[in-house]
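To start, the structure itself, in structure tokens.
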Amino acid sequence: MGTLWYNGTFFTMTKEGETVSALYVQDGRIYDLGNKELLEKRYAHVIERRHDLSGAFVYPGFVDSHLHIIGHGEKLIRLDLSEVSQAEEMRSLLERKYNQSSGDQWIFGEGWNENNFPDRKIFHRLELDEISPNKPMFLTRVCRHAALVNTKALEMAGITKETKDPTGGVIVRDDHGEPTGFLLDTAADLVKEKIPEVTDEYVNRALKVAVNDLLRVGLVGGHTEDLHYYGGFKQTFDQFMNVIDGKQTKFRVHLLVHHEAIDEMEKENYDKGSITPFIELGAVKIFSDGALGGRTAYLRSPYTDDPSTSGVAIHTEESLQKLVREARNKNRPVAIHTIGDAALDMALTALEQYPVTGGRDRLIHVQVVDDTLIERMKKLPVILDLQPRFVASDFPWVMERLGEERIKHSFAWKTLLENGLHCAGGSDAPIEPVDPLLGIHAAVTRTRIGENHEGYLPEQKLTPFEAVQLFTSGSAYAIEKENERGKIAKGYVADFTILDQNLFTVSPDNILTTNVVMTVVDNTIMYEK
């Protein structure tokens, strides 16, 4: 028995402008498509359910190609600092959080961004001590490649004036060599190691909250990297299995596996590929550098606004190649976080040295490039995970970081597509808002919400069709599912994002006024407005 979906505009995404007005779905897959009268005539004897969409617009289900789902849930259940625009407002929220806390529990905050403050203030540990003198405080910067901590947290981690910077990290110090409480990349791990292990209940709650929120904004799935941070592979993976049970909750997750979690995954007898119809294990995740916001993205030449640094390489060139080689020995593709051009150079060298034999590699972010790097990428079977919303968040301040010449080759989404590179679209939530419509808007306009200008690097604007492709066929191609996901076509999964506006004809600003009518996964309505 099957389902008839009708009275809507269904964008096939097979080619631009192609639509149908009805679908017949059977066993969770699109069996036929056309118009209502034709499908009624063909399948009247087996149609069990009918869904009248009242003129809504149906897209292949949007999938976020790169995010951290549990981290997004944490942002929703912890103190969210991502929208704070004044240092004093941040102080006030932290004071309130401290006063609401009990015992010796840690004070956590998520997503602060000094670039949103008029004075670009970064709190010193002594200022945090005034707020929380006796409870450790850990405040994650929006990029998740830096954190602020107070003196109590430093003491618990044993970080003093004499502590050396760890490989791939920086303990920021004052003029006297004393730690300021600002920790970059792996330096923050020294404190993280002292944070009490999370419970199953905590991970379960964060994951449930996150998945429900993703469905609310029209996402039918996400490619996520969480398996190294919440008590290890088994504890985290078990909660994915518990929450996304395929009955009460349907949502398609593709799980990247941090290189330090691979051994535990294998001990649990799991391998790359589908575990259930809704849960898959994917590539080995490796970080090659940090982020532009904290000046830890690894650049070939120094930062324009701070010539004392070129960023941070998380691994040496030799150790990065060793990690890729080890992945190849296990017949696995890799997914490498690479933002700066020097980090991209290192990553490409490793991929060239040890070509993938099964699957496709992924390069995540790819924010600073040049023509030579593009030519090297074109020769490799790689997918580029882009985050269009970074344009809205990082401009105009990122121009200060990179300078006039280098910025021309940065955030160059159109150039990458025009060179025939396969690109997928994500949010990197909780770093950016998870709503795919915000990503599509940023890709099309290259402006921040409320701005009225031609866009940052306007020549890099995508068409609405190209932008939607990033979150549909692009995300499917990234995980070798392009023959069954990402389009509305016969044999493809019945995953739909149903909106109240036509993204291809509305004015760019009206993308932001579009509402999710329904999110459908496996022919099941998982969210309805």
Can we say [X] and [Y] salt-bridge, meaning some charged N sits less than 4.0 Å from an Asp/Glu carboxylate O?
{"X": "D165", "Y": "R173", "result": "yes"}
{"X": "E280", "Y": "R252", "result": "no"}
{"X": "R401", "Y": "D394", "result": "no"}

Looking at residues at least two apart in the chain, or sitting in another chain, which of them share a ring-ring contact (aromatic ring centres under 6.0 Å, His included) with [X]?
{"X": "Y477", "result": "H422"}
{"X": "Y59", "result": "F11, F62, F504"}
{"X": "F237", "result": "F233, Y270"}
{"X": "F471", "result": "none"}

Check salt bridge (charged side-chain N to carboxylate O under 4.0 Å, His left out) between [X] and all other residues, then give those that pass, not counting sequence neighbours.
{"X": "D245", "result": "none"}
{"X": "E466", "result": "K414"}
{"X": "R78", "result": "E74, E110"}
{"X": "R96", "result": "none"}

Which distance, rounded to the nearest 0.5 Å, do you find between the CG of D263 and the CD of E268?
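D263 CG to E268 CD: 12.0 Å, rounded to 0.5 Å.
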
Evaluate whether atom [atom1] of [X] has more than 12 neighbouring non-hydrogen atoms of other residues, nucleotides or ligands under 6.0 angstrom away.
{"X": "D104", "atom1": "CG", "value": "no"}
{"X": "R205", "atom1": "CZ", "value": "no"}
{"X": "K461", "atom1": "NZ", "value": "yes"}
{"X": "K208", "atom1": "NZ", "value": "no"}

Using the salt bridge (charged side-chain N to carboxylate O under 4.0 Å, His left out) rule, take D522 and K250 through it: C-alpha gap first, then chi angles, then the decisive distance, then the call.
CA-CA 7 Å; D522 189 43; K250 293 183 177 183; 2.7 Å; yes

Which pairs with one or both residues in residues 279-298 pass ring pair (Phe, Tyr, Trp, His ring centres under 6.0 Å), sequence neighbours excluded?
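Counting only pairs at least two positions apart or across chains, the ring pair (Phe, Tyr, Trp, His ring centres under 6.0 Å) contacts touching residues 279-298 are H145-F287, F287-H337.
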
Quick one: which residue pairs count as a ring pair (Phe, Tyr, Trp, His ring centres under 6.0 Å) with a foot in residues 187-228, not counting sequence neighbours?
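Of all non-adjacent pairs touching residues 187-228, those that pass ring pair (Phe, Tyr, Trp, His ring centres under 6.0 Å) are H223-H254, H228-H258.
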
Testing the 3.5 Å rule here: is there a donor-acceptor pair between the side chains of D385 and H365?
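Per modelled atom types, D385 and H365 side chains form no pair under 3.5 Å.
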
Under a 3.5 Å cutoff, is there a donor and acceptor pairing between the side chains of D129 and T151?
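Note: D129 and T151 side chains meet the donor-acceptor criterion.
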
Check: residues 116-123 side-chain donor-acceptor pairs under 3.5 Å, at least two apart:
{"residue": "D119", "atom": "OD1", "partner": "K121", "partner atom": "N", "Å": "3.2"}
{"residue": "K121", "atom": "NZ", "partner": "E127", "partner atom": "OE1", "Å": "3.1"}
{"residue": "K121", "atom": "NZ", "partner": "E127", "partner atom": "OE2", "Å": "2.6"}

Do T296 and D185 pass the side chain to side chain donor-acceptor pair (under 3.5 Å) test, and can you show the C-alpha distance, the side-chain angles, and the key distance before you say yes or no?
CA-CA 8 Å; T296 57; D185 275 293; 2.9 Å; yes

Validation row: M241, I275 side chains within 4.5 angstrom (heavy atoms)
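The answer is yes; the side chains approach within 4.5 Å.
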
Pairs flagged by side chain to side chain donor-acceptor pair (under 3.5 Å) wherever residues 189-198 is involved - sequence neighbours left out
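Qualifying pairs, neighbours excluded: none.
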
From the options T338, V334, L256, L384, select the one residue that forms a side-chain contact (heavy atoms from CB on, under 4.5 Å) with R362.
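Of all the options given, the one that passes is L256.
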
